Asks: 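Below is the structure I would like to discuss, written out as structure tokens.
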Amino acid sequence: MNNNEIKALQSDFLNWYDQNKRPLPWRENQEPYYVWLSEIMLQQTQVQTVMPYFERFIQALPTLADLAQVPDDTLMKLWEGLGYYSRARNLKRAAQQIMTDYHGTFPQTAAELEQIIGIGPYTAGAIASIAFGEAVPAVDGNAYRVFSRLFDDTTDISKSSARQHFANEIAPLVPKERPGDFNQAVMDLGSSICTTKDPACLLCPLQPYCQAYAQGKQLERPVKTKKIKKKREQYLALVIHDEQGRVLLQERPAKGVLSGLYTYPLINEANLLSESQKVITSTQIAAFFKAQYELTLQQVQLLPVKPVTHIFTHLHWQLTLYTASIDANANLAYFPGRFFTTAAIAEQGLPTLQKKLQARFAAYQKNV
DNA sequence: TAAACGTGGTA
DNA sequence: TTACCAAGTTT
């Protein structure tokens, strides 16, 4: 594309954006804190999902300084259900980093922003262009789709190297004048017109420039080869009450899925079953708890309800519910977790998996 | 470089 | 039910 073509494309695209931009809460101003927060929340997450979380978050923590000091419990409650919980933890760490290392003022270039925890190449480009007017691309899934079509580019977006390749291709198109609007136009176009399955090419402001459209290959772009196969795992989920009606929850290990979050105690069936064994017994579960945590369970019973299924990006879990009781004075020294009252559970930030397990148990109780 | 990391929606 | 998609970063 020569300079005149690029100018025309930029003009057509920004005019389209001016007419069609979505009114989103984080577009009301260019406050870096809000731009940043929205970009983190939007990682791998759709606008509709983010909206209520964003509103609640900025109401609870209106400034960077508030975020830097927020208690972890409050933070997780605000993030509850959004997923990828390390995003929230990194958000707080980053806020502290900016308060101490940058005197509470955001760095203003993509290169500097990328040094902050939780901000990768995409988010750095997005913040730098939207909040600070730096003419850099923001290469996300939308950009892959839009520009692989525009250039009829067959680069495999499954590969890590694809991001830099597209950044190089896109950079000459980003206007010096309105780089943030240009990048946001890419996102809006990608979500409304240049969609994966049924792109509305006839309505697209870039259609006159689109090389894939010219060849009828828009559905073959972008090229993506990798597919993740989910590992199947079976778990036991134990609903353990004491005589005061409190329930025992377990804190998940610092590494791995749902790290640091609370769930009912979960036992991987693979850790319970020996070679030829097919059936798990209540006695065996109690023995496991004794051996692992020095805890004595009583009345371990299989709950006659449908197992809970939960699907992560790379895992497919099936969880069978059990109930049991335990002494309120049991020594939890060797157990990574604690008792929760009903009220305390409601205040705790819990992963959706745990919410599902609770719902299944509640539905059972209702029918008894 | 590839795998790990949540969740909700759609075909 | 399975598979894939959606404003990625970290290790």
Side-chain angles (χ1 to χ4, degrees), chain A residues 21-22 24-27 34-54 76 79-91 93-94 113-127 129-130 137-146 156-164 166-167 180 182-192 194-199 222 224-233 252-261 263 308-318 349-356:
Chain A
K21 67 184 282 190
R22 290 172 290 179
L24 301 172
W26 46 88
R27 285 181 176 173
Y34 298 121
V35 173
W36 170 53
L37 175 63
S38 68
E39 290 301 340
I40 301 295
M41 286 186 164
L42 285 161
Q43 289 170 4
Q44 301 291 284
T45 312
Q46 297 188 320
V47 165
Q48 192 183 335
T49 304
V50 166
M51 212 99 72
Y53 283 92
F54 179 82
M76 291 322 289
W79 207 265
E80 177 182 76
L82 240 199
Y84 288 134
Y85 296 92
S86 65
R87 287 185 297 174
R89 297 203 178 83
N90 287 341
L91 214 42
R93 288 174 58 195
L113 286 162
E114 210 176 322
Q115 302 309 309
I116 292 172
I117 183 71
I119 299 183
Y122 161 74
T123 306
I127 299 172
S129 62
I130 297 169
V139 188
D140 68 340
N142 289 305
Y144 282 149
R145 202 160 54 252
V146 169
D156 182 358
I157 65 165
S158 305
K159 307 207 168 195
S160 310
S161 55
R163 200 208 63 79
Q164 187 57 53
F166 276 99
F182 181 89
N183 285 332
Q184 292 182 91
V186 174
M187 301 172 202
D188 281 16
L189 190 76
S191 73
S192 64
C194 196
T195 55
T196 306
K197 300 198 178 149
D198 187 23
K224 183 178 179 180
T225 59
K226 188 177 65 185
K227 54 226 162 215
I228 308 163
K229 37 187 159 180
K230 296 180 176 9
K231 204 184 307 173
R232 282 179 172 277
E233 293 182 335
R252 301 202 37 89
K255 301 273 182 186
V257 197
L258 304 178
S259 58
L261 297 171
T263 65
V308 166
T309 294
H310 194 74
I311 298 170
F312 300 97
T313 305
H314 59 297
L315 298 169
H316 185 131
W317 281 9
Q318 187 172 48
L350 298 169
T352 298
L353 167 65
Q354 173 63 14
K355 298 279 195 178
K356 278 195 200 173

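Residue numbers begin at 1 in each chain, while the letters A, B, ... track the order of the sequences. Please read these numbers as outputs of a predicted model, since none were measured by experiment.
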Asks: Looking at every strand, decide which applies to A/S158 at a 4.0 Å heavy-atom threshold: base, sugar-phosphate, or nothing.
Replies: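 Answer is nothing: A/S158 stays at 4.0 Å or more from every strand.
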Asks: May I ask you to test the A/W26-A/L42 pair for a side-chain heavy-atom distance under 4.5 Å?
Replies: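 Side chain of A/W26 against side chain of A/L42, heavy atoms only: contact under 4.5 Å found.
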Asks: Indicate whether OP1 or OP2 belonging to B/dG6 is found under 4.0 Å from a side-chain N or O atom of A/H310.
Replies: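 So the side chain of A/H310 is outside the cut-off, no N or O lying under 4.0 Å from OP1 or OP2 of B/dG6.
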Asks: Between A/M51 (CE) and B/dG8 (C1'), how many Å, whole number?
Replies: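 Answer to the nearest Å: 15 Å.
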Asks: For DNA chain B, determine which residues of residues 35-45 of chain A have any heavy atom closer than 4.0 angstrom to one of its atoms, and list them numerically.
Replies: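 Within residues 35-45 of chain A, the residues near DNA chain B are A/Q44, A/T45.
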Asks: In whole angstrom, give the distance that lies between atom CZ of A/R89 and atom P of B/dC5.
Replies: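 To the nearest whole Å, that distance equals 13 Å.
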Asks: Give A/V50 one of three labels, base, sugar-phosphate or nothing, depending on what nucleic acid heavy atoms sit under 4.0 Å from its own.
Replies: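 Nothing, no nucleic acid heavy atom in range.
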Asks: Taking the nucleotide of DNA chain C with the closest heavy atom to each, which residue, A/I117 or A/L24, is nearer the 5' end?
Replies: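 Its nearest nucleotide lies further toward 5', so the answer is A/L24.
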Asks: Between B/dT1 and C/dA6, how far is it from one C1' atom to the other, in whole Å?
Replies: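 Result for the C1' pair: 23 Å, nearest Å.
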Asks: Check the surroundings of atom NZ in A/K356: do more than 12 heavy atoms from other residues, nucleotides or ligands lie under 6.0 Å from it?
Replies: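 Correct, the count exceeds 12.
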Asks: Go nucleotide by nucleotide along DNA chain C from the 5' end; which of A/K230 and A/N90 gets its closest nucleotide reached first?
Replies: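 Checking each residue's closest nucleotide, the 5'-ward one belongs to A/K230.
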Asks: Anything under 4.0 Å to a heavy atom of chain A counts; send over the first and last such nucleotide of DNA chain C, read 5' to 3'.
Replies: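 Result: C/dT2 to C/dT10.
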Asks: Base, sugar-phosphate, or nothing: which does A/K229 touch, judged by heavy atoms less than 4.0 Å apart?
Replies: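 Here A/K229 touches no strand at all.
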Asks: How close or far is atom C1' of B/dT7 from atom CG of A/L350, stated in whole angstroms?
Replies: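 Distance check: A/L350 CG to B/dT7 C1' gives 15 Å.
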Asks: P atom, B/dG8 versus C/dT9: distance in rounded Å?
Replies: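 That atom pair is separated by 22 Å.
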Asks: Looking at A/P351 and A/L258, what are the two nearest heavy atoms and their distance?
Replies: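 Residues A/P351 and A/L258, closest heavy atoms: CB-CD2, 3.8 Å.
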Asks: Should A/R145 and A/P222 count as side-chain neighbours, where that means a heavy-atom distance under 4.5 Å?
Replies: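 In contact.
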Asks: Take atom NZ of A/K231 and atom P of B/dA2, then tell me their distance rounded to the nearest Å.
Replies: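 Distance check: A/K231 NZ to B/dA2 P gives 18 Å.
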Asks: Indicate, with a heavy-atom threshold strictly under 4.0 Å, whether A/W26 touches base, sugar-phosphate, or nothing.
Replies: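 Base, at least one base atom sits under 4.0 Å.
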Asks: Check the distance between B/dG8's C1' and A/H316's NE2 and give it to me in whole angstrom.
Replies: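 Value for this atom pair: 15 Å.
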Asks: May I ask you to verify if any side-chain N or O of A/H314 is less than 4.0 angstrom from the OP1 or OP2 atom of B/dA3?
Replies: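 No, outside the criterion.
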Asks: May I ask you to test the A/D140-A/Q43 pair for a side-chain heavy-atom distance under 4.5 Å?
Replies: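 No, side chains not in contact.
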Asks: Any luck finding a side-chain donor-acceptor pair between A/S191 and A/R22 under 3.5 Å?
Replies: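 Yes - a donor-acceptor pair under 3.5 Å links their side chains.
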Asks: Please tell me if the side chains of A/L261 and A/Q354 come closer than 4.5 Å, counting only heavy atoms from C-beta onward.
Replies: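 Result no, sub-4.5 Å side-chain heavy-atom pair not found.
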Asks: Return the set of residues passing ring pair (Phe, Tyr, Trp, His ring centres under 6.0 Å) with A/Y122 (not counting sequence neighbours), or none when no residue passes.
Replies: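 Not a single residue meets the ring pair (Phe, Tyr, Trp, His ring centres under 6.0 Å) criterion with A/Y122.
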Asks: Please report whether the ring centroid of A/H314 lies less than 6.0 Å from that of A/F312.
Replies: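 No, the ring of A/F312 stays outside the 6.0 Å limit from the ring of A/H314, centre to centre.
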Asks: Base, sugar-phosphate alone, or nothing: which one does A/T49 contact when heavy atoms must sit under 4.0 Å apart?
Replies: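 Nothing, no nucleic acid heavy atom in range.
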Asks: Could you state the CD-P distance from A/Q354 to B/dG6, rounded to the nearest angstrom?
Replies: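 A/Q354 atom CD is separated from B/dG6 atom P by 15 Å.
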Asks: Is there a donor in the side chain of A/N90 and an acceptor in the side chain of A/R87, or the other way round, less than 3.5 Å apart?
Replies: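 Judged by distance alone, the side chains do not pair up.
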Asks: So do the side chains of A/L91 and A/M41 get within less than 4.5 Å of each other, counting heavy atoms only?
Replies: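 No, every pair of side-chain atoms sits at 4.5 Å or beyond.
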Asks: Given the P atoms of C/dT11 and B/dG6, what is the spacing between them in whole Å?
Replies: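 Their P atoms lie roughly 13 Å apart.
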Asks: Please state how far atom CD1 in A/I311 lies from atom C1' in B/dC5, giving the value in whole angstrom units.
Replies: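 For the pair A/I311 CD1 and B/dC5 C1', the rounded distance is 15 Å.
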Asks: What integer distance in Å separates A/L261:CG from B/dG6:C1'?
Replies: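 Spelled out: CG on A/L261 to C1' on B/dG6 is 10 Å.
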Asks: Got a sec, which residues hit salt bridge (charged side-chain N to carboxylate O under 4.0 Å, His left out) with A/R27, two or more places apart in sequence or on another chain?
Replies: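 Partners of A/R27 by the salt bridge (charged side-chain N to carboxylate O under 4.0 Å, His left out) criterion, ordered by chain and then number, come out as A/D188.
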Asks: Nearest-nucleotide wise, let me know which of A/L353 and A/K159 is further upstream toward the 5' end of DNA chain B.
Replies: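 Its nearest nucleotide being more 5', the pick is A/K159.
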Asks: Produce the list of close N/O pairs, under 3.5 Å, pairing protein atoms with atoms of nucleotides 9-11 of chain B; give distances to one decimal.
Replies:
none

Asks: Ignoring hydrogens and angles, does a donor from either the side chain of A/T313 or the base of B/dA4 sit under 3.5 Å from an acceptor on the other?
Replies: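 Answer is no: no donor-acceptor pair is held.
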Asks: Can you name the ring pair (Phe, Tyr, Trp, His ring centres under 6.0 Å) partners of A/Y144, sequence neighbours left out?
Replies: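 Only A/F166 meet the ring pair (Phe, Tyr, Trp, His ring centres under 6.0 Å) criterion with A/Y144.
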